[in-house]
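What you see is a predicted model, and the numbers here were worked out from it, not measured in a lab.
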Amino acid sequence: MTRSARILCRVIDNFGDAGVAWRLARQLAGEFGWRVTVTIDRPELLARFAGNAPPPVRIEPWPGDGAAPAAADDDVLVSAFGCEPPPALRAALAGGPARPLWVHLEYLSAEPWIDGCHGLRSIRPSDGASEHFFYPGFTGRSGGLLRERSLIERRVAFDGSAQQRELLARLGIARAPEERLVTLFCYPDAPLGAWLAELAQGARPHLVVAPDASADGALTGFFGGRLQPGQEAQRGRLRVRRIPFLSQDDYDRLLWSADLNFVRGEDSWIRAQWAARPFVWQPYLQSESAHHFKLAAFLERLGAGPQAGAMMRAWSGAGEIGPAWRAFDAALPAVEATCRAWSEQLAAQSDLATRLVEFCSERL
Ligand code: TRH
């Protein structure tokens with residue numbers, strides 16, 4: 001049966017909310033044949049994620065005051081990350097109609113309480129609207145992780161292919177022998193300057209590739225001038241190359257091509273796990289150190305050893321980066337094996353879109 005869904009997304013800051021909404025929309029449309037509309041307050045972000053590929057879904061700007069209300073005639077209404085529907089649409093949910101099924105897509109966390117909350121329903125006392133809570137997660141009892149159907153096969157085929165050489169050439173990435181290729185996507189509070197200094201003095205050469213979306217202040221401070229996309233700077237054994245912000249598909253392929261990926265937030269974090277390469281995750285900064293609890297919960301599940309733990313904690317502001325990096329650097333072969341096994345273990349589970357489709361079908 002062809003279902004229809006509307007995904008609502010209001011961007012708080014950064015790219016993650018829109019990035020997750022976009023991946024889910026693409027997958028529901030492309031793999032499950034759903035008719036999908038994304039209602040979003042920053043539609044221009046979706047164009048950046050899509051690159052040159054035509055969007056397989058309808059994109060609608062968030063309705064402004066007095067604008068025509070979005071219709072409530074879809075089978076499923078997905079509120080991404082706590083976003084409240086526009087007033088007219090919200091009013092249509094009063095009394096808890098069978099359609100649209102109102103589902104909150106929550107933030108990803110590795111914390112154990114996720115499993116107990118996934119799938120719960122609640123009735124709004126004010127008007128009887130019925131909302132369902134869908135929690136992404138790392139276990140079979142959660143909502144799972146976004147992973148397109150052929151993603152792993154595509155990654156394996158890409159490794160060493162002409163397409164990989166073409167992508168790296170297009171981005172001007174030419175790795176010298178022995179040079180470690182690292183991708184960098186982080187928040188401004190990462191101890192980037194101190195880490196770059198470690199790499200500049202290190203025994204092994206590093207090529208750090210930084211999409212034009214983060215690390216601006218620290219890179220400018222370190223090299224004494226702003227690096228424009230396509231430009232490169234060198235200090236000691238370190239080269240840093242600025243590249244443009246990539247489409248999501250190209251960003252995935254870049255992660256598949258690197259020896260080590262620095263990722264952040266939610267969506268790039270998941271993609272680094274599908275890359276099956278070592279990664280350093282920086283959780284989104286939250287009040288009362290909630291991000292450190294999230295990191296601890298994830299490290300416990302990942303089981304990548306004390307060096308990976310110390311590195312991710314130091315990268316997130318808890319610990320000294322110099323010693324953490326040196327120990328992590330020495331442990332990388334073991335971390336690599338763990339990340340590969342972790343990725344395989346996760347890929348053996350069903351993915352988020354499949355679980356969401358089942359979840360909705362059972363309730364519609
Ligand atoms: O941008 P983020 O920091 O987003 C965050 C998180 O989602 C966080 O949980 C949320 O609370 C906060 O926003 C508001 O990091 P994230 O989640 O990795 O999203 C980045 C998106 O950008 C992801 O979809 C990948 C995409 N991307 C590209 O498409 N091209 C690129 O070159 C890069 C660097 C990223």
How about Glu178: does its CD atom have over 12 heavy atoms from other parts shown lying under 6.0 Å from it?
no
Is the CG atom of Asn52 crowded by more than 12 outside heavy atoms at less than 6.0 Å?
no
Sub-6.0 Å ring centroid separation between [X] and [Y]:
| X | Y | result |
| --- | --- | --- |
| Tyr284 | Trp269 | no |
| Phe245 | Phe15 | yes |
| His118 | Phe134 | yes |

Sequence neighbours left out, what passes side-chain hydrogen bond (donor to acceptor under 3.5 Å, both in side chains) with Asp41? Give chain and number order.
none
Does the side chain of [X] reach to within under 4.5 Å of the side chain of [Y], using non-hydrogen atoms?
| X | Y | value |
| --- | --- | --- |
| Gln273 | Leu346 | yes |
| Ile40 | Trp62 | no |
| Leu120 | Ser122 | no |

Mind jotting down which residue pairs meet the salt bridge (Lys or Arg N to Asp or Glu O under 4.0 Å) criterion with at least one end in [range]? Sequence neighbours excluded, please.
| range | answer |
| --- | --- |
| residues 184-197 | none |
| residues 267-283 | Arg23-Asp267, Glu148-Arg271, Asp159-Arg277, Asp252-Arg271 |
| residues 96-107 | Asp75-Arg99 |
| residues 201-212 | Asp212-Arg226, Asp212-Arg242 |

Glu60 and Thr37: side chain donor to acceptor below 3.5 Å
no
Check against salt bridge (charged side-chain N to carboxylate O under 4.0 Å, His left out), Glu166 and Arg170
CA-CA 6 Å; Glu166 183 276 323; Arg170 175 155 51 88; 3.1 Å; yes
Sequence-distant partners of Pro100, side chain to side chain contact (heavy atoms under 4.5 Å, CB included), two or more places apart
Leu77, Leu93
Is a side-chain donor or acceptor of [X] paired with a backbone partner of [Y] at a separation under 3.5 angstrom?
| X | Y | answer |
| --- | --- | --- |
| Arg241 | Gly230 | yes |
| Ser150 | Glu153 | no |
| Arg253 | Leu167 | no |
| Gln27 | Leu146 | no |

Going hydrophobic residue to hydrophobic residue with side-chain gaps under 4.5 angstrom, can you get from Val103 over to Leu105?
yes
Within one Ile-Leu-Val-Met-Phe-Trp-Tyr cluster: Phe359 and Val20, side-chain cutoff 4.5 Å:
yes
Considering non-hydrogen atoms only, spot the tightest contact between [X] and [Y] and give its length.
| X | Y | result |
| --- | --- | --- |
| Cys117 | Tyr135 | CB-CE1, 3.6 Å |
| Ala197 | Phe222 | N-CE1, 3.6 Å |
| Ala353 | Leu24 | CB-CD1, 4.2 Å |
| Thr2 | Gly33 | CG2-O, 3.5 Å |
| Ala18 | Leu45 | CB-CD1, 3.9 Å |
| Ser130 | Trp102 | O-CB, 3.6 Å |

If the test is ring-ring contact (aromatic ring centres under 6.0 Å, His included), which one of Phe185, Phe279, Trp315 qualifies with Phe262?
Trp315
Where does the angle between the aromatic ring planes of Trp195 and Trp325 fall among parallel (under 30°), tilted (30 to 60°) and perpendicular (over 60°)?
perpendicular
Spacing of [X] atom [atom1] and [Y] atom [atom2] [to the nearest 0.5 Å]:
| X | Y | atom1 | atom2 | result |
| --- | --- | --- | --- | --- |
| Leu101 | Asp74 | CG | CG | 11.5 Å |
| Ser109 | Phe138 | OG | CZ | 8.0 Å |
| Gln349 | Ser142 | CD | OG | 6.5 Å |

Within 45° of the ring axis of Phe158 and under 6.0 Å from its six-membered ring centre, is that where the NZ or CZ of Arg154 lies?
no
Salt-bridge criterion met for Asp329 and Arg326 (N-O under 4.0 Å):
no
Does Arg48 pair with Glu44 as a salt bridge, N-O distance under 4.0 Å?
no
